[in-house]
Amino acid sequence: MITAYIGIGSNLDQPERQILQAMDELAAISETRLNRVSSLYASAPMGPKEQPDYLNAVAEISTGLAPLVLLDELQRIEDDHGRIRERHWGPRTLDLDLLLYGEQVIREQRLTVPHPGISRRAFVLQPLEEIVPRLQVPELGAIRELSAACKDQQVRKIK
Ligand code: ROI
């Protein structure tokens with residue numbers, strides 16, 4: 001089993017409900033166990049501003065699935081939430097990002113791990129630091145330092 005981290009985000013159609021339901025669906029993926037989840041965090045949209053604020057969280061799972069099989073499962077869950085892939089960086093009912101897959105570095109057409117946005121996004125770093133404060137991110141270093149470098153971005157822990 002590999003320990004992997006999933007970034008969860010939503011800013012449409014009751015974001016809190018979308019995220020809590022997504023956590024249950026992560027737990028139901030085959031060969032996969034949900035170990036722990038972060039609090040929920042609210043932040044202004046990164047990218048285009050004319051969209052609602054986001055809720056974000058991070059989940060830790062253990063999985064026997066290969067990375068691209070896990071990615072297929074995440075995209076299936078996004079699709080189940082009525083995710084329509086239209087505008088780049090537009091609003092979404094559910095976004096599931098494979099942030100980390102063990103200590104592996106993956107560069108494939110469909111999948112880059114660590115997730116390329118990870119080091120610049122406080123809405124990912126803060127929940128990740130909450131559940132794994134001593135994490136070392138492959139190629140990027142200590143989560144504590146990455147998170148401290150993004151402290152200028154406003155992210156509010158809501159529950
Ligand atoms: N902004 C915030 N605050 N949270 C997100 O999850 C998020 N996801 C995105 C973009 C549009 C980049 N902005 C975001 O995909």
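Ligands are counted one by one from 1 in listed order, and the atoms in each one are counted from 1 as well.
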* To do: For R156, look at atom CZ and say whether over 12 heavy atoms of other residues, nucleotides or ligands are found less than 6.0 Å away.
  =>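 Open.
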* Would you indicate whether R110, at its atom CZ, is surrounded by more than 12 heavy atoms from other residues, nucleotides or ligands within a distance under 6.0 Å? =>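 Result for CZ/R110: enclosed.
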* Is there a chain of hydrophobic side chains (I, L, V, M, F, W, Y, each step under 4.5 Å between heavy atoms) that links V58 to L34? ->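 Per the 4.5 Å side-chain linkage, V58 and L34 are not co-clustered.
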* To do: Check the hydrophobic clustering (I, L, V, M, F, W, Y; side-chain heavy atoms under 4.5 Å; chains of links allowed) and say if M46 and Y54 are grouped together.
  => no
Do any side-chain atoms of residues 143-153 form donor-acceptor pairs under 3.5 angstrom with protein atoms, and if so which ones, sequence neighbours left out?
| residue | atom | partner | partner atom | Å |
| --- | --- | --- | --- | --- |
| S147 | OG | E129 | OE1 | 2.8 |
| Q153 | OE1 | A122 | N | 2.9 |
| Q153 | NE2 | R120 | O | 2.8 |

* **N35 versus S62, side-chain donor and acceptor atoms under 3.5 Å** => yes
Any protein N/O atoms within less than 3.5 Å of an N/O atom in ligand 1? List the atom names and distances, or say none.
| residue | atom | partner | partner atom | Å |
| --- | --- | --- | --- | --- |
| ligand 1 | 1 (N) | M46 | N | 2.9 |
| ligand 1 | 3 (N) | S43 | OG | 2.8 |
| ligand 1 | 3 (N) | A44 | O | 2.8 |
| ligand 1 | 4 (N) | N56 | OD1 | 3.0 |
| ligand 1 | 6 (O) | N56 | ND2 | 2.7 |
| ligand 1 | 13 (N) | M46 | O | 2.8 |
| ligand 1 | 15 (O) | R92 | NH1 | 3.2 |

